[in-house]
2 protein chains.
Amino acid sequence: MAKRETTKDKILNAAEALFAEHGFEQTSLRQITAEADVNLASVNYHFGSKKALIQAVMARYLEVLMPALNAEFDQLEPQAQFTTRDVFDCFREPLNALKKVRKGGPTIFLSLLGFAYADIQGHLRRYTMEHFGEVMHRLLALLHVANPNLSPADMFWRLHFVLGASVFAQVSGPALREIAAADFGESIAADQVVDRLIPFLAGGVDAPTA
Amino acid sequence: MAKRETTKDKILNAAEALFAEHGFEQTSLRQITAEADVNLASVNYHFGSKKALIQAVMARYLEVLMPALNAEFDQLEPQAQFTTRDVFDCFREPLNALKKVRKGGPTIFLSLLGFAYADIQGHLRRYTMEHFGEVMHRLLALLHVANPNLSPADMFWRLHFVLGASVFAQVSGPALREIAAADFGESIAADQVVDRLIPFLAGGVDAPTA
DNA sequence: TTTAAATTAAAACGCATGTTTAAAATATGC
DNA sequence: GCATATTTTAAACATGCGTTTTAATTTAAA
């Protein structure tokens, strides 16, 4: 018989939901502990600081995503030829695997990533880059193989645009989905966003320069 | 002989610089008034609130950009045929015109826009959408003409990706330009970002679906 | 059951924020 | 040049934040 949900997990879950919706800075520990129905001080007791809590929330996803993503890259890397699209398709399965962490995991994670990335000068940026630095470099290398005509500088910027488009799609996703539903009378599931995103990104990266 | 810079303008200029660099929420009135070398209370005296100050900062750019942008659209709209690229090129001149507001105006404005857009649930989002709602709809319509094969829903999402890529390129621009300079040994001017962005966006929008 | 450790709880601390107040200083109009 | 209006100033206010403290309580071990 499963032990009742521990305080630590209650905090993590409540924090994750609030962070993904409102961002890190905009979510107070008092909101989190109220939502989790635990005492305010328990955050600092179990995690030490808000900073550490944020990283703990991110860690649960990174631990699943990173190995899966690196495995996909490992598979593609030795091949002689592949397309930009092939590279981006590497993200499909690993992102999808985040559903194991939680229902809606892929969307939640991308939202968190977006807020982390938007936190320009904070510790989050550094933390994220520590965990994504290697992925970035591998991604950059793979995209260069798929697109040898592009200069490294061009590719660098396009990768950045890719990041921006991906991350923003999630951060402003909820509000936008409302508008989309209102204007187009269709409800758009969150995982369909990734399906719509990948062709766009590949098209952007493959575009002729100037 | 020009009157010495008024307190109101000193506040606007200092606020603009700090907002563009650190975002709205992360910039305090005390930072602004210290930088502007005016009294703290003068912000509330001249503008009423921080909220109103932010909008005043944005307004100086919107007043220049919007008419220019609508003029470009007016010119393109009656034409029978045009490409996605033609549509995005409409932004070149109006953005460039922001140099009249200030040196580096285009970059500053896009940074501000990025922070406004990232401010998910705040008043800024509403304010921005009030001023950009019409532009969005015209842009959507023009892109649909340029790309009749894309469904309205697809186009909606792609426009959103476009926004994300554009806005993020500026928000994380400074930090990124450092990295770019370090890794590629070249300094990249801010307006070159727009030149790199437009082909990427057009390529993404023009990409085949699925 | 007793003792020690781990956890929860309530309250306060120190600090930074946007805003307001009320007096002093300055500029304006007659 | 005086009276009035405008602007600047310094100080305080109210609020919310992350964090710390100290005591009560629960859990676990002996």
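Model, not experiment: these values are computed from the prediction. Numbered from 1 within each chain, the chains take letters A, B, ... in sequence-line order.
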Task: Gap between atoms NZ and P, on B:Lys50 and C:dG18 respectively (whole Å) - done: 4 Å

- [ ] Determine, using ring centers only, whether A:Phe156 and A:His160 are less than 6.0 Å apart.
- [x] no

- [ ] Would you kindly give the CD1-to-P distance between A:Ile11 and D:dT19, to the nearest whole Å?
- [x] 13 Å

Task: Check ion pair B:Arg102-B:Glu16 (N to O, under 4.0 angstrom) - done: yes

Open item on the list: I'd like to check the side-chain hydrogen bond (donor to acceptor under 3.5 Å, both in side chains) partners of A:Glu77; sequence neighbours left out, ordered by chain and number.
Closed with: A:Arg138

Open item on the list: What is the distance, to the nearest angstrom, from the CG atom on B:Asn44 to the P atom on D:dT9?
Closed with: 15 Å

- [ ] Mind checking side-chain hydrogen bond (donor to acceptor under 3.5 Å, both in side chains) for B:Thr84 and listing every partner two or more places apart, or none if nothing turns up?
- [x] B:Asn147, B:Asp206

Open item on the list: Please give me every residue in residues 55-62 of chain B whose heavy atoms get under 4.0 Å of an atom in DNA chain D, ordered by residue number.
Closed with: none

Task: Check ion pair B:Asp154-A:Arg196 (N to O, under 4.0 angstrom) - done: yes

TODO: Take atom CD of B:Glu25 and atom P of C:dA16, then tell me their distance rounded to the nearest Å.
DONE: 18 Å

Open item on the list: By the 4.0 Å heavy-atom rule, please label B:Thr33 as base, sugar-phosphate, or nothing.
Closed with: nothing

Open item on the list: Can you tell me how the ring of A:Tyr61 sits relative to the ring of A:Phe109, calling it parallel under 30°, perpendicular over 60° and tilted otherwise?
Closed with: tilted

TODO: Nearest whole angstrom, please: distance from the C1' of C:dC13 to the CG of A:Leu40.
DONE: 13 Å

TODO: Side-chain contact test, heavy atoms from C-beta onward, threshold under 4.5 Å: evaluate it for A:Met155 versus A:Val205 and give yes or no.
DONE: yes

Open item on the list: Just to verify, what does B:Arg85 make a side-chain hydrogen bond (donor to acceptor under 3.5 Å, both in side chains) with, not counting sequence neighbours?
Closed with: B:Asp89

Open item on the list: Any side-chain N or O of A:Ser28 below 4.0 angstrom from OP1/OP2 of D:dG16?
Closed with: no

Task: Between C1' of C:dA12 and CG of A:Leu29, the distance in whole Å - done: 16 Å

Open item on the list: So for A:Arg30 and D:dG16, does any side-chain atom that can act as donor or acceptor lie under 3.5 Å from a complementary atom in the base?
Closed with: no

TODO: Could you encode protein contacts along nucleotides 4-10 of chain C as a string, one character per nucleotide from 5' to 3', using B for base contact, S for sugar-phosphate-only contact and - for no contact, with a heavy-atom cut-off of under 4.0 Å?
DONE: --SBBBB

Task: Results of side-chain hydrogen bond (donor to acceptor under 3.5 Å, both in side chains) for B:Thr209 - residues two or more places apart only - done: none

